[in-house]
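Accompanying notes for the structure given below.
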Protein chains: 2
Amino acid sequence: MNIKEQLESPPSELTPADRKLVRVLLNNFPTSGLKTIAQLAKDAGVSDPSVLRFIKKIGFSRYSDFQSALVKQLDERLKSPLLMHSKSGGIDDDPWQHTAESTMDAVAGSEPLVIKQDIEQLVEWLSEKNKKVICFGGRFSGFLAGYLHAHLQILRPNTKCITSSLELSDTLLDLKPGDIFIQFDYRRYQQSAAVAVEMAHRKKAKVVLFTDIYDSPLRNKVDLTISSLVDTSSPFDTLVPAMVQVEALVASLTDTLGDSVKDRLMEVDDMRELLGTHYFSNNQQEQ
Amino acid sequence: MNIKEQLESPPSELTPADRKLVRVLLNNFPTSGLKTIAQLAKDAGVSDPSVLRFIKKIGFSRYSDFQSALVKQLDERLKSPLLMHSKSGGIDDDPWQHTAESTMDAVAGSEPLVIKQDIEQLVEWLSEKNKKVICFGGRFSGFLAGYLHAHLQILRPNTKCITSSLELSDTLLDLKPGDIFIQFDYRRYQQSAAVAVEMAHRKKAKVVLFTDIYDSPLRNKVDLTISSLVDTSSPFDTLVPAMVQVEALVASLTDTLGDSVKDRLMEVDDMRELLGTHYFSNNQQEQ
DNA sequence: TGTGATATGTATGTTTTATTACATAAAATT
DNA sequence: AATTTTATGTAATAAAACATACATATCACA
């Protein structure tokens, strides 16, 4: 229920003090309601208890309840412009179109979640070619881990992507302090992720987590988090924003590595030429 | 001065605790900053004083100053709803930003390349659960093949993803007329793709090709092509538009399959519950 | 491996803030 | 005009929130 409406159509008669309060609250709604009782009372020219009584009259038992409701509504209002996609054009019950559009929204919405400093930090870590880099992910996000790894492999030595549980334990055992462990873990969080992160953390590796929300239970075992939205209109979550981040990361790293990587790229091309384009890597994905 | 910018480009280096706070604050900006110090500290997983120190670092002498600034900015933003509160122009030599943006362009540019009839056709084919579906891709695009397969596997039986050359030949031999062979092949086309498509075509399978816009030599052996752009500012190509297509395809298929798939999704969830969340599939990616 | 510097948390003091109880003022009613 | 009813403010209090000092832990570097 809209608080503005609650203010405008109260359940019972308003007293003069109430009316003063309504005027103040409505006159730059809703931020005026974020103040303290004392401030609000002063602005309206009434006493503190009058504020309390009014708040109770419109249906909140505590002042803080009123404020939280206000903030919640504020949040929705701030988020709506993004979520309101393509109100122009006809009805789209076309799931393809619909999914594609809401995926774009997710990408746009994920952009502000990225913290420049985090990226810089991560790129710096990844530039240290003598440190190992391990990529690992879940059922779906595992492909992103592989995708990142496929790029990293070209840019630097000492990278690995974990694709089986045996490999996981072996690799974790070998981790040295300062190595980088990159974990992908999105909604429907997987226990293997928690275990891996915990172990990597114990080994004093730098743990990087690509995930969808910040409040992952892994939070305090993780040195750096890169988060993205996963919600779409589809029954499945989207990993497109995450993939954008992976590609952007690769671009940043390439940029930082500079010319040294050009040579390596050449070499890779030459070698592919020699080996023919038909080889498969050990057990992961093919060339 | 914009507080968001202040958060993103602090005057001095950020400590780990600072970064946690930045993330939380940015995550639900700006309402997350309206909380009390204690709540904010708890959300970020740091202590109260860390919050205070951070607030001082970004230029506020008291916490309440920070909050007032936040509210003030909030007010402005609410008064000018669509005044583009995203990034403030500026030079764009940041490769991350640059790549992300040009990737979005690629996605937008790929949209008109999709032909609705093709999608409908493909969805129809994939709805035939008695036909086999084989996914296959290249060095990078192989992950997309895997990603598609991981979804298809949930939606229907008889799906397979090829991850090694042995598997490739065996699987191709077993193809029956009417089976569906989905090939991903993007710039730096790979010979394995040509061979596979040729074979699948001879076996009278339906060959679907996900590729980029340039005419692939495979075009005439292929029954259906879904193309996307791969160019970005990054030295590497992007597969993001292709991934959007894969997800949109999955959404369309889910929509078409309707309720029958709901039950299957339930079953999958139940089974995951029973098996625990820690198993790995044979050699591909883990659960 | 030890040492200085930095970062972070714990404990604590001080101020605000919300809330209640009660007294006073205003209004309505007879 | 007196009395009841309603509205409002004052003052007290308990809870919480902010802020600080200090101790501990962590990190960087020699």
Side-chain angles (χ1 to χ4, degrees), chain A residues 10-25 32-71 117-118 121 124-125 127-128 130-131 176-180 200-207 219-224, chain B residues 10-25 32-71:
Chain A
S12 60
E13 275 303 306
L14 288 183
T15 70
D18 288 342
R19 268 190 290 273
K20 288 186 199 171
L21 282 166
V22 170
R23 225 180 58 222
V24 171
L25 284 172
S32 50
L34 298 175
K35 300 187 248 227
T36 65
I37 290 182
Q39 280 177 309
L40 193 57
K42 194 181 161 202
D43 288 356
V46 301
S47 66
D48 293 12
S50 290
V51 176
L52 259 300
R53 281 186 286 259
F54 173 70
I55 293 304
K56 281 186 179 148
K57 193 178 280 182
I58 61 171
F60 299 95
S61 55
R62 332 180 51 97
Y63 185 68
S64 58
D65 288 351
F66 168 68
Q67 284 199 324
S68 333
L70 223 45
V71 170
Q117 279 74 24
D118 283 351
Q121 177 70 264
E124 198 183 311
W125 287 347
S127 306
E128 304 248 358
N130 55 332
K131 298 295 180 187
K176 301 274 177 292
D179 285 347
I180 302 148
H201 179 71
R202 280 197 205 158
K203 288 281 186 179
K204 304 218 188 301
K206 284 163 180 153
V207 179
R219 195 171 54 194
N220 41 358
K221 308 284 182 195
V222 161
D223 298 282
L224 204 152
Chain B
S12 58
E13 276 301 307
L14 288 183
T15 70
D18 288 341
R19 250 176 273 119
K20 288 186 197 173
L21 283 164
V22 171
R23 177 167 294 286
V24 170
L25 286 171
S32 50
L34 299 174
K35 299 187 254 225
T36 65
I37 291 181
Q39 278 178 310
L40 194 58
K42 194 181 158 204
D43 288 355
V46 302
S47 66
D48 291 13
S50 292
V51 176
L52 263 298
R53 280 186 288 258
F54 173 70
I55 293 303
K56 282 188 178 146
K57 190 178 283 183
I58 60 171
F60 300 94
S61 55
R62 290 185 298 141
Y63 186 68
S64 56
D65 288 353
F66 167 69
Q67 284 199 324
S68 330
L70 221 46
V71 170

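These figures come from a predicted structure and were not determined experimentally.
Between A:K204 and B:T36, the residue anchored nearer the 5' end of DNA chain D, judged by the nucleotide with its closest heavy atom, is B:T36.
With rounding to whole Å, A:D48 atom CG is found 13 Å from C:dT20 atom P. Whole-Å rounding puts the B:R19 CZ to C:dA7 C1' distance at 12 Å. Regarding B:K42, its NZ atom lies at a distance of 15 Å from the P atom of C:dG9, rounded to whole Å. Here the P atom of nucleotide C:dA21 and the CG atom of A:L52 are 12 Å apart, to the nearest Å. Nucleotide C:dA18 holds its P atom 11 Å from the CD1 atom of A:I55, rounded to whole Å. Regarding A:D65, its CG atom lies at a distance of 13 Å from the P atom of C:dA18, rounded to whole Å. Straight-line distance from the CD atom of B:Q67 to the P atom of C:dT16: 15 Å, rounded to whole Å. For the pair B:D18 CG and C:dT8 P, the computed distance is 6 Å after rounding to whole Å.
Residue B:T15 places at least one side-chain N or O under 4.0 Å from the OP1 or OP2 atom of C:dT8. Of the side-chain N and O atoms in A:K56, one or more sit less than 4.0 angstrom from OP1 or OP2 of C:dT20. For the pair A:R62 and C:dT19, the criterion of a side-chain N or O lying under 4.0 Å from OP1 or OP2 is met.
For DNA chain D, the span of nucleotides reached by chain A at under 4.0 Å from its heavy atoms goes, 5' to 3', from D:dA7 to D:dT10.
Residues B:F60 and B:L70 are not in side-chain contact: their nearest non-hydrogen atoms beyond the backbone lie 4.5 Å or more apart. B:I55 has its side chain out of reach of B:D65: every pair of non-hydrogen atoms, C-beta onward, lies at least 4.5 Å apart. Looking at heavy atoms from C-beta onward, B:R19 lies in side-chain contact with A:D118 at the 4.5 angstrom threshold.
There is a side-chain donor-acceptor pair under 3.5 Å between B:D18 and B:T15.
The structure places CD of A:Q67 at 7.5 Å from OG of A:S64, a figure rounded to the nearest 0.5 Å.
In summary, A:D43 and A:K35 engage in a salt bridge, as defined by a charged side-chain N under 4.0 Å from a carboxylate O.
For A:R62, there are no side-chain hydrogen bond (donor to acceptor under 3.5 Å, both in side chains) partners, not counting sequence neighbours.
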